[in-house]
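Note that ligands are numbered from 1 as they come in the structure, with each ligand's atoms numbered from 1 the same way. Any value given below was found using the heavy atoms of this structure, including those in side chains, with hydrogens, waters and symmetry copies removed. Just so it is clear, the structure is predicted and the values come from calculations on it, not from any experiment.
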Amino acid sequence: GKGNHRHYMEKEIHEQPAVIGDTLRSFTDPSSHRLALPDLPFDFAHPETRLQLVACGTAAYACMTARYWFEQLAGIPTSTDIASEYRYRDTPMTSRELGIFVSQSGETADTLAALRHVKAQGRPTLAIVNVAESTAAREADGMLRTLAGPEIGVASTKAFTTQLSTLACLAIGAARERGCLAASREAQLMQAMDEIPARLLQVLDQDQVFRDIASMLAGAGYVLYLGRGAMYPIALEGALKLKEVSYIKAEGYAAGELKHGPIALVDEEVPVIAVAPSDHLFEKTASNLQEVAARGGKVILFSDAAGIAAMGDLPVASVTLPAVDPFVAPILMSLPVQLLAYHTAVAKGTDVDQPRNLAKSVTVE
Ligand code: F6R
């Protein structure tokens with residue numbers, strides 16, 4: 001049941017500290033606190049290793065986020081694609097390329113077709129799934145399981161953040177195997193991962209702030225989400241979540257693309273949600289937000305205390321999130337975009353758990 005929550009989506013958002021903790025512990029040695037992934041039938045250490053990550057929808061945004069981790073931490077050239085495109089594109093694969101398929105259900109038709117396409121080329125496959133008995137888990141050469149538990153709400157929440165947590169562990173493991181991760185940095189990263197559940201609880205404690213911003217969004221006709229680096233896929237996920245459950249037209253953009261098109265839509269009516277922790281890209285995003293404000297757009301800033309202080313009174317609203325290691329920031333920043341979508345849908349009175357036209361598992365093409 002939903003316990004004391006109004007909707008499954010709300011319950012599942014609140015379960016995230018626990019299920020992310022479970023997922024991370026399943027990949028950690030309890031005594032040493034070091035990462036301990038199951039044996040996988042791939043050689044991450046080979047200098048020619050490449051990764052192709054494939055999924056649909058929210059799971060594809062988890063893949064896009066993981067690309068930053070695999071490239072920046074492990075130095076592995078990584079591509080991502082949506083399964084419905086990848087399966088028909090006949091992309092040439094290199095001899096050291098590994099296919100990674102991310103799926104909550106493990107039954108998504110396009111994702112399975114993409115997995116079979118990679119297998120047919122004789123390349124190894126890894127499935128990251130929430131349902132251990134699923135087709136993807138059975139057919140792939142290796143499997144990592146997210147421990148989100150059953151996800152009932154049609155809009156994915158805890159499946160997404162447990163996918164991110166699993167991919168982050170895999171990137172740390174790959175970086176270690178490749179010898180490009182100093183032991184001290186690895187310990188730091190594991191510490192930052194360990195602290196995620198506690199930091200997420202701090203975000204959940206700010207529920208009222210999201211309700212207030214949601215009452216502002218409920219009347220909007222269009223909402224723009226901006227993010228840079230690993231926050232770009234989180235901006236895409238924020239827009240997807242909002243459109244799915246509140247039916248408000250929303251788009252996510254890389255902040256640097258603003259002046260290449262979407263700024264034409266910005267006026268006094270348009271809320272612009274910036275997902276922007278105070279990392280090495282913050283100043284770039286800050287200048288994009290100045291451009292938004294100059295056109296009357298209503299900037300709503302999700303950042304940490306330093307980022308919010310730096311923006312002064314430019315945002316019409318802001319949410320102060322805990323400052324965390326930039327590596328884990330995408331996991332933390334997933335919560336605010338979920339909470340905002342949820343509360344906006346509640347304010348509009350839509351069917352949060354069963355949005356129109358959507359199915360939980362897309363088993364036909
Ligand atoms: C969005 C959502 C969908 C799924 C997508 C893939 O909230 O839930 O976009 O992420 O249909 O489903 P799985 O992960 O089962 O392959």
Side-chain angles (χ1 to χ4, degrees), residues 7-13 15-16 19 23 53-66 80-87 99-118 125-140 143-167 225 233-248 250-252 334-335 337-342 344-345 350-365:
H7 301 99
Y8 281 107
M9 184 178 178
E10 183 184 46
K11 172 173 178 259
E12 289 165 1
I13 287 173
E15 279 171 359
Q16 288 176 107
V19 295
T23 302
L53 277 64
V54 184
C56 297
T58 287
Y61 296 148
C63 293
M64 282 179 74
T65 310
T80 69
D81 208 346
I82 46 175
S84 56
E85 284 300 312
Y86 183 79
R87 65 179 290 191
I100 301 181
F101 303 87
V102 180
S103 176
Q104 187 283 125
S105 62
E107 304 294 347
T108 300
D110 283 324
T111 305
L112 291 176
L115 189 158
R116 289 168 187 154
H117 174 81
V118 170
T125 53
L126 171 65
I128 296 179
V129 295
N130 195 42
V131 181
E133 310 73 33
S134 58
T135 308
R138 218 169 36 241
E139 293 192 9
M143 194 252 283
L144 291 175
R145 186 167 176 208
T146 57
L147 297 181
E151 192 179 62
I152 310 293
V154 164
S156 179
T157 53
K158 62 178 181 169
F160 178 62
T161 50
T162 55
Q163 285 161 356
L164 289 178
S165 304
T166 302
L167 287 159
Y225 287 74
I234 305 304
L236 294 173
E237 171 63 3
L240 177 64
K241 218 88 297 177
L242 187 74
K243 70 184 104 174
E244 282 184 298
V245 299
S246 79
Y247 311 144
I248 295 173
E251 285 182 299
S334 301
L335 245 77
V337 299
Q338 294 169 354
L339 284 165
L340 189 60
Y342 172 73
T344 305
T350 54
D351 188 348
V352 178
D353 286 333
Q354 276 296 343
R356 65 186 183 204
N357 307 339
L358 294 175
K360 181 67 188 159
S361 186
V362 184
T363 55
V364 290
E365 193 176 337

Would you find a donor on one side and an acceptor on the other, under 3.5 Å apart, between the side chain of Tyr342 and the backbone of Ile13?
no
Contacting atoms of ligand 1, where contact means under 4.0 angstrom from a heavy atom of Gly57:
9 (O)
Gln163 and Thr146: side chain donor to acceptor below 3.5 Å:
no
Which segment of Lys241 sits under 4.0 Å of ligand 1 when only heavy atoms are counted
side chain
Check whether any side-chain N or O of Asp110 sits under 3.5 Å from a backbone N or O of Ala83 as a donor-acceptor pair, and report yes or no.
no
Give a yes-or-no answer on whether the side chains of Ser361 and Glu107 include a donor-acceptor pair shorter than 3.5 Å.
no
Answer yes or no for Val154: is there a heavy-atom contact with ligand 1 below 4.0 Å?
yes
Nearest to atom 11 (O) of ligand 1, what protein heavy atom do you find, and at what distance?
Val362 CG2, 4.3 Å
Would you mind running through ligand 1 and noting each atom that sits below 4.0 Å from a heavy atom of Glu244?
1 (C), 2 (C), 7 (O)
Any donor-acceptor pair under 3.5 Å linking the side chain of Lys241 with the backbone of Ser156?
yes
Short side-chain to backbone donor-acceptor contact, Thr162 and Ala159, under 3.5 Å
yes
Ligand-side contact atoms (ligand 1) for residue partner Ala59, heavy atom cut-off under 4.0 Å:
10 (O), 14 (O)
Quick one: does Lys158's side chain have a donor or acceptor within less than 3.5 Å of a partner on Glu12's backbone?
no
of all protein heavy atoms, closest to atom 3 (C) of ligand 1 is Thr58 N, 4.0 Å
Say whether Ser156, considering both its backbone and side-chain N or O atoms, lies within less than 3.5 Å of an N or O atom on ligand 1.
yes
Suppose we measure from atom 15 (O) of ligand 1 to each protein heavy atom; which comes out shortest, and what is that distance?
Ser105 OG, 2.7 Å
How close does the nearest protein non-hydrogen atom get to atom 14 (O) of ligand 1, and which residue and atom is it?
Gln104 N, 2.6 Å
For Thr108, the atoms of ligand 1 under 4.0 Å from one of its heavy atoms are 12 (O), 13 (P), 15 (O), 16 (O)
Is it the case that ligand 1 has an N or O less than 3.5 angstrom from some N or O of Gln163?
no
Closest non-hydrogen atom pair, Ala55 against Cys63:
CB-SG, 3.8 Å
In a check of side-chain contact (heavy atoms from CB on, under 4.5 Å) between Phe160 and each of Ile234, Val102, Leu240, which one passes?
Ile234
Ala155: numbered ligand 1 atoms lying under 4.0 Å from its heavy atoms
7 (O)
So is Cys56 touching ligand 1 or not, going by heavy atoms under 4.0 Å?
yes
